[in-house]
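A quick note: this is a predicted structure, and the numbers were derived from the prediction, not measured.
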Amino acid sequence: RACNPQGRRVGFVYNPAEPNAEANAKLARKVAGELGIELIEANGATVTEITNAADVVVSRGIDVFWLLADTGVNAAAPTLIKRCLAAGVPTMSNFPEMGAMGCNLNLGSDWHACGVSTGVEPSRSCSISRFIFSSELSTVNSMSCWNSGLACRRLAAAIAVGEAVW
């Protein structure tokens, strides 16, 4: 609302079979009702279905297109963003990295940074000073080790192999 006070129609596409997407849509409906915003929504399960549904949503005269947390929407994001911008419809997302694709407003968690910090924080408590982080190690191995409750030395053995490289 702060970015476009006159905006009243928000469009989005999602797969209701995805729990995260369904949770986002339910919350959006609640908040939209409170703010007097009309949601124009459609469903799609594949990238092709999502892209086609988004074209229909955009054609209905929306003020902004929202790319919510949905794996299919994320896969279709480059195409969705290009099509929306070509139609003069700004885009917003839950993922900061979509800014590099041209998405106009991106508010959400930086999951890569979360993965890196998950590996760094336990390392401090284990007095481990030398790490190498690849995107796979920082976002998968450190998260799974931390979440599984493995001992700090197991985490260290999994990712401590050299100088810190980000």
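- For Asn15, the side chain to side chain contact (heavy atoms under 4.5 Å, CB included) partners at least two apart in sequence or on another chain are Ala17, Glu18, Ala45, Asp70.
- The minimum heavy-atom distance between Asn104 and Pro90, with the atom names listed, is OD1-CA, 3.3 Å.
- Within the structure, ring-ring contact (aromatic ring centres under 6.0 Å, His included) contacts touching residues 18-46 (residues at least two apart or in different chains) do not occur.
- Residues meeting the salt bridge (Lys or Arg N to Asp or Glu O under 4.0 Å) test with Glu49, sequence neighbours left out: none.
- Between Val73 and the choices Asn94, Val47, Thr51, Ile50, the side chain to side chain contact (heavy atoms under 4.5 Å, CB included) rule is met once, by Ile50.
- Residues Leu85 and Gly102 share a closest heavy-atom pair of CD1-O, 3.4 Å.
- Screening residues 92-109 for salt bridge (charged side-chain N to carboxylate O under 4.0 Å, His left out) gives no qualifying pairs among residues at least two apart or on separate chains.
- Applying the ring-ring contact (aromatic ring centres under 6.0 Å, His included) test to residues at least two apart or on different chains, none of the pairs has a partner in residues 17-62.
- Residues satisfying the side-chain hydrogen bond (donor to acceptor under 3.5 Å, both in side chains) test with Asn52, not counting sequence neighbours, are none.
- One hydrophobic cluster, built from ILVMFWY side chains closer than 4.5 Å, cannot hold both Val64 and Val56; they sit in different ones.
- Residue Ile81 comes nearest to Met98 through the heavy atom pair CD1-O, 4.2 Å, listed as atom of the first residue, atom of the second, then distance.
- Within the structure, every pair that satisfies the side-chain hydrogen bond (donor to acceptor under 3.5 Å, both in side chains) test and touches residues 73-90, not counting sequence neighbours, is listed here: Asp55-Arg83.
- Not counting sequence neighbours, the partners of Phe12 by the ring pair (Phe, Tyr, Trp, His ring centres under 6.0 Å) test are Tyr14, Trp66.
- Rounding to the nearest 0.5 Å gives a distance of 9.5 Å between CG of Leu80 and OG1 of Thr91.
- Leu68 and Asn24 make their closest contact through CD2-CB, 4.1 Å (heavy atoms, listed as atom of the first residue, atom of the second, distance).
- Taking 4.5 Å as the limit, some side-chain heavy atom of Phe65 sits within range of a side-chain heavy atom of Val13.
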Could you list the donor-acceptor pairs under 3.5 angstrom formed between side-chain atoms of residues 32-42 and any protein atom two or more places apart in sequence or on another chain?
from, atom 1, to, atom 2, distance (Å)
Glu34, OE2, Lys30, NZ, 3.1
Glu38, OE1, Arg9, NH1, 2.8
Glu38, OE2, Arg9, NH1, 3.2
Glu41, OE1, Arg29, NH2, 2.8
Glu41, OE2, Arg29, NE, 3.2

**Pair Leu107-Met92, side chain to side chain contact (heavy atoms under 4.5 Å, CB included): steps then yes or no** = CA-CA 8 Å; Leu107 299 173; Met92 65 181 185; over 6 Å; no
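- Here ring-ring contact (aromatic ring centres under 6.0 Å, His included) pairs that include residues 82-104, with residues two or more places apart or in two chains, number zero.
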